[in-house]
There are 2 protein chains.
Amino acid sequence: MPDTVQTPYDPHAYPPFAVTVDVAVFTIRSETLRVLLIERGEEPYKGVWALPGGFVRPDEDLDSAAARELEEETGVTKRGAYLEQLQSYGTPERDPRMRVVTVAYWAVCANLALPKAGGDAIGADLVPVTEVEGGYVRLAFDHNEIVRDALERMRSKLEYTAVGAKFCPPEFTISELRRVYEAAWNMKLDPGNFHRNVRASGSFERLDPERLVERSKGGRPASLWALSEGLRSPRLPIAKRRRFDDDMDEP
Amino acid sequence: MPDTVQTPYDPHAYPPFAVTVDVAVFTIRSETLRVLLIERGEEPYKGVWALPGGFVRPDEDLDSAAARELEEETGVTKRGAYLEQLQSYGTPERDPRMRVVTVAYWAVCANLALPKAGGDAIGADLVPVTEVEGGYVRLAFDHNEIVRDALERMRSKLEYTAVGAKFCPPEFTISELRRVYEAAWNMKLDPGNFHRNVRASGSFERLDPERLVERSKGGRPASLWALSEGLRSPRLPIAKRRRFDDDMDEP
DNA sequence: TCTATTATTGTCAAATATACAAAATTTTAT
DNA sequence: ATAAAATTTTGTATATTTGACAATAATAGA
């Protein structure tokens, strides 16, 4: 810009920032979409629930820092999960200590073990996202906003990618996958139509002529399926987020 | 994590980072989608083309910093453009001077004036994105990657939001809007179907019984349209990115 | 006036989605 | 053992949406 005589800012004084990563880890437990929260053991916000996260190390990539935080809190390595950058948050007052910009990530894990407190956390839990979205759980910093944005991104990605499979173990039935969508979107989906969409998406493949029983409760045994290769974008959406009768919320 | 006796990292030593914003400003000029680039006047990468950007000031919001950079380089205020955060880039070696994390934004402007050099730029230009995507223009830092990601996000948002209208002046014809899509996706769209989709999207409204002529070349005069209110998500996609005969590239 | 050009509306067939029925194959209850 | 219920899977009829393209409208320019 046309810098006049008096420049209000010296571009050579790089203002010092701290940079952190925070990760919204989603999983499904007892038919409920949950987010991993830790209870902070240090000021600021000591004793308050927050997303797992921490400072990016001097020689560490942002993605690596997020993967490290993910593994520290869950024991799950990057290969066993889906991890994607969301966006950054950096209002000047978001951390009372100093100027901190956080790079937020979201992750999806299958069958997350009940987390143990560790590091600077005095507690940890898998909290139903309805409690966060409903405002019943107040999080530290701007983490309520981050969770809201992460949920929106995750729910939207379910429509046109195969990321939903990351909520399941490597081998899963189509009904198990459908229950992922039903928990994440809080709505019922038609089993027949969902089945057809999964097959047509081209993102999944049936495991040989196997059958699965164990999943109790009677009914015809289901075939096992797996992600066909990596996590490519499927040609067709797995499911559209539209209403299907039932007592659940509308989208 | 189960911190053992020897912790490999002291969490109280906040590693100092510099934080910048970089903005990929898109516009359309002579039927061509272009991105605003500046020629750096300072080391590193002096004389190399780069995205406009700069350091976030100590008391400045990230969005404000991006809006400031946008206005400094284009003279366009946030109200006249669309500005959205993309994501952050922070590999340790991306800036040879020091550890810099950049928060990338993308913006859409209508009728951008040919930019003047200013500040730490010795040149500026609106470069066709094909030259950047084709690898004919090598940008400073990781800005080639940022432009690629910004393009992908922008093109994808054209499908299900009304952001394309921001390439046009406040009042525009449906054909002008169609040419935005055609330039951005590098493909022809069927005029009739596009017209129907715009009307059905619910994101635009026709300006009273006005007509427009001036847009030379003969033909029936077109109605003027405008974004109906802010930039909400339309109920229906404006256009699907599928082929329509012609000599342009396939999607 | 006649032709070319662009805008707008309309039409029809193909593709897709939705609702729902039916068949297959198991567990659980009687 | 038999019946009933549950669950997966395939199929089908209808409605909706899309894509291709025709038809009409309204102008500029020759």
Side-chain angles (χ1 to χ4, degrees), chain A residues 31 159-160 168 171-182 185 187-202 204-225 234-246 250-251, chain B residues 31 159-160 168 171-182 185 187-202 204-207 209-225 234-246 248 250-251:
Chain A
E31 308 273 286
E159 290 193 68
Y160 60 96
C168 302
E171 305 184 351
F172 50 87
T173 70
I174 293 191
S175 295
E176 289 169 343
L177 185 60
R178 176 166 45 82
R179 276 176 220 113
V180 165
Y181 282 75
E182 293 178 337
W185 289 345
M187 65 193 302
K188 289 278 189 193
L189 297 172
D190 179 83
N193 293 337
F194 187 84
H195 200 280
R196 169 162 41 82
N197 291 337
V198 166
R199 298 178 56 130
S201 75
F204 309 92
E205 49 192 30
R206 199 176 215 141
L207 298 185
D208 273 344
E210 303 278 5
R211 292 287 181 174
L212 181 76
V213 184
E214 29 185 314
R215 330 284 214 234
S216 53
K217 291 302 178 198
R220 174 176 171 176
S223 295
L224 283 177
W225 293 69
R235 272 178 286 290
L236 294 175
I238 281 69
K240 292 291 190 57
R241 209 172 346 169
R242 304 199 184 149
R243 259 180 289 323
F244 175 68
D245 64 69
D246 212 274
E250 47 193 345
Chain B
E31 309 272 286
E159 291 193 66
Y160 60 95
C168 301
E171 305 184 351
F172 49 88
T173 69
I174 293 191
S175 294
E176 289 170 342
L177 184 60
R178 177 167 44 81
R179 277 177 218 112
V180 165
Y181 282 76
E182 293 178 337
W185 289 345
M187 65 192 304
K188 290 278 189 193
L189 297 172
D190 178 84
N193 293 336
F194 186 84
H195 201 280
R196 169 168 32 102
N197 290 338
V198 166
R199 297 176 57 129
S201 75
F204 308 92
E205 49 193 28
R206 197 175 216 142
L207 298 184
E210 304 277 6
R211 292 286 181 174
L212 180 75
V213 183
E214 28 184 316
R215 329 285 215 236
S216 56
K217 293 301 176 199
R220 174 177 172 175
S223 295
L224 283 178
W225 292 70
R235 272 180 286 292
L236 294 176
I238 281 68
K240 292 289 190 59
R241 207 171 348 168
R242 304 202 184 147
R243 258 180 288 327
F244 175 67
D245 64 69
D246 212 275
M248 301 182 103
E250 45 194 345

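What you see is a predicted model, and the numbers here were worked out from it, not measured in a lab. Labels below follow one simple rule: chain letters A, B, ... track the order of the sequence lines, proteins then strands, and each chain is numbered from 1.
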| query | Could a donor-acceptor pair under 3.5 angstrom be found where the side chain of A:R196 meets the base of C:dT18? | reply | yes
**Prompt:** With no angle test and no hydrogens, is the base of C:dA17 tied to the side chain of A:N197 by a donor-acceptor pair under 3.5 Å?
**Reply:** no
Discussion item. Taking 4.0 Å as the cut-off, does a side-chain nitrogen or oxygen of A:R179 come that near to OP1 or OP2 on D:dT8?
Written reply: yes
Between CZ of B:F204 and P of C:dT8 the distance, given in whole Å, is 14 Å
ask   = OP1 or OP2 of D:dT10 less than 4.0 angstrom from a side-chain nitrogen or oxygen of A:H195, does that happen here?
value = yes
Closest to the 5' end of DNA chain C, once B:R206 and A:N193 are matched to their nearest nucleotides, is B:R206
A:F194 CZ to C:dT18 P, in whole Å, measures 13 Å
Scanning both residues in full, the closest heavy-atom pair of A:L189 with A:R178 reads O-CD, 3.8 Å
Taking 4.0 Å as the cut-off, does a side-chain nitrogen or oxygen of B:R220 come that near to OP1 or OP2 on D:dA28? no
> Just to confirm, is there a sub-4.0 Å distance from OP1 or OP2 of C:dT9 to any side-chain nitrogen or oxygen of B:R199?
Replying inline: yes
In whole angstroms, the gap separating C1' of C:dC20 from CG of A:L189 amounts to 16 Å
### Message
Please tell me if A:S223 has a side-chain N or O lying less than 4.0 Å from either OP1 or OP2 of D:dT8.
### Response
no
So does A:S175 get a side-chain nitrogen or oxygen closer than 4.0 Å to the phosphate oxygens (OP1/OP2) of D:dT7?
no
To the nearest angstrom, the CD1-C1' distance between B:I174 and C:dT9 comes to 12 Å
Are A:E182 and A:R179 close enough that some pair of their side-chain heavy atoms sits under 4.5 Å apart? yes
A:E176 CD to D:dT7 P, in whole Å, measures 13 Å
Whole-Å distance, A:L207 CG to D:dT8 P, equals 16 Å
- A:V198 vs A:F194, side chain to side chain contact (heavy atoms under 4.5 Å, CB included): CA-CA, chis, key distance, verdict: CA-CA 6 Å; A:V198 166; A:F194 187 84; 3.5 Å; yes
A:R178 CZ to D:dT9 C1', in whole Å, measures 11 Å
### Query
Is any side-chain heavy atom of B:L177 less than 4.5 Å from a side-chain heavy atom of B:W225?
no
Can you confirm whether A:F204 sits close enough to A:I174 that some side-chain heavy atom of one is under 4.5 Å from a side-chain heavy atom of the other? no
To the nearest angstrom, the CG-P distance between A:D190 and D:dT7 comes to 15 Å
